[in-house]
Amino acid sequence: MHVLILGGTAEARALAGLLAPQVRVTSSLAGRVANPRLPEGEVRIGGFGGPDGLARWIGEHGVDRVIDATHPFAERISFNAARAAAAAHVPLLALRRPGWVPVEGDDWHEVGSLEEAAAALDGLGQRVFLTTGRMGLAAFADRPQWFLVRSVDAPEPPMPARTEVLLDRGPFTLDGERELLRAHGIDVLVTKDSGAAATAPKLAAAREAGMPVVVVRRPPVPAGVETAASVAEAAAWVTRTN
């Protein structure tokens with residue numbers, strides 16, 4: 001059996017490591033990070049050329065199962081995977097870690113897009129910790145606030161005029177996030193609902209500080225696509241559909 005994992009996440013790497021000793025695994029990475037953490041098994045880097053290109057690749061390489069384990073906000077890739085799997089007549093599973101849920105003490109302001117997140121900043125704060133990644137900074141380019149932007153690789157313009165860039169990669173600790181908020185005088189946090197435990201400490205640090213958090217809701221999984229909430233569930237799906 002040949003399993004194609006559309007990856008780039010910690011869950012995708014863990015799944016490849018779990019499956020590789022048993023079946024042929026190819027992990028596909030988008031190539032947007034300069035030095036990605038490579039999973040076990042075969043690895044390809046770069047796009048497929050849309051859903052038609054992905055469908056052709058699936059057929060040419062004898063792929064039997066496709067698992068979309070991309071970031072919850074990789075909406076285009078997920079859409080292409082759904083179309084390609086249907087065209088190639090192979091089963092598709094979306095591996096999606098559970099989203100974050102607010103708890104007592106949180107001051108969340110949920111929005112549907114980065115543009116809505118930028119608009120929501122008015123009245124919430126002036127020193128923004130922006131943790132939505134280096135893609136999409138254009139949505140904040142005309143905002144007057146000061147921004148601390150954290151990303152794995154350096155972002156490119158357009159971006160806010162008053163920006164400091166922090167290059168770092170999770171997992172992050174609660175103590176580290178507390179100190180970061182204090183040292184930079186942060187008074188509002190902007191994040192996507194990625195749901196990752198590795199980046200959740202910033203939410204706890206913001207809660208402790210009584211800080212408002214603008215949370216961008218994740219897009220839905222394409223209609224009709226089966227989902228799994230954990231690596232173990234995804235691995236069981238491969239076995240069950242064998």
From CA spacing to verdict: side-chain contact (heavy atoms from CB on, under 4.5 Å), L167, V152: CA-CA 5 Å; L167 299 182; V152 176; over 6 Å; no
So, [X] and [Y], do they make that salt bridge, N to O below 4.0 Å?
X    : Y    : value
D106 : R207 : yes
E156 : R134 : no
E164 : R127 : no
D122 : R143 : yes

With sequence neighbours excluded, residues passing ring pair (Phe, Tyr, Trp, His ring centres under 6.0 Å) with W57: F48, H61
[X], [Y]: one ILVMFWY side-chain cluster at the under-4.5 Å cut-off?
X    : Y    : answer
W108 : I186 : yes
L181 : W100 : yes
V231 : L19  : yes
F140 : W146 : no
I77  : V63  : yes

Identified side-chain contact (heavy atoms from CB on, under 4.5 Å) partner of I67 from the options V25, V238, L4: V238
Minimum heavy-atom distance P21-G17, with the two atoms named: CD-O, 3.3 Å
Minimum heavy-atom distance P39-A16, with the two atoms named: CB-CB, 3.8 Å
To the nearest 0.5 angstrom, please state how far the [atom1] atom of [X] sits from the [atom2] atom of [Y].
X    : Y    : atom1 : atom2 : result
L93  : D68  : CG    : CG    : 8.5 Å
S230 : L95  : OG    : CG    : 7.5 Å
D193 : F73  : CG    : CZ    : 6.0 Å
R83  : L92  : CZ    : CG    : 13.5 Å
L130 : K192 : CG    : NZ    : 9.5 Å
R218 : H71  : CZ    : NE2   : 8.0 Å

Keeping the roles fixed (side chain from [X], backbone from [Y]), state whether a donor-acceptor pair exists under 3.5 Å.
X    : Y    : answer
E233 : A229 : yes
T131 : V190 : yes
R162 : P144 : yes
N80  : A82  : no
R178 : A209 : no
R44  : G46  : yes
D64  : H2   : yes
D187 : G125 : no

Under 4.5 Å between any side-chain heavy atoms of [X] and [Y], yes or no?
X    : Y    : result
V128 : L148 : no
V221 : S78  : no
Q22  : M1   : no
V216 : L114 : yes
V215 : L189 : no

Steps toward side-chain contact (heavy atoms from CB on, under 4.5 Å) verdict (H109, L124): CA-CA 10 Å; H109 301 256; L124 291 181; 3.7 Å; yes
CA sep, side-chain torsions, deciding dist, call: T173, D175, side-chain hydrogen bond (donor to acceptor under 3.5 Å, both in side chains): CA-CA 5 Å; T173 67; D175 285 343; 5.8 Å; no
CZ/F79: more than 12 non-hydrogen atoms of other groups inside 6.0 Å: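 It does not: F79 CZ has 12 such atoms or fewer within range.
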side-chain contact (heavy atoms from CB on, under 4.5 Å) between V188 and F129, worked out: CA-CA 6 Å; V188 58; F129 184 24; over 6 Å; no
side-chain hydrogen bond (donor to acceptor under 3.5 Å, both in side chains) assessment of E226 paired with W237: CA-CA 10 Å; E226 186 175 353; W237 175 84; 3.3 Å; yes
side-chain contact (heavy atoms from CB on, under 4.5 Å) assessment of V149 paired with L137: CA-CA 9 Å; V149 173; L137 294 184; 4.0 Å; yes
Sequence neighbours excluded - side chain to side chain donor-acceptor pair (under 3.5 Å) pairs with any residue from residues 9-18: E11-R97
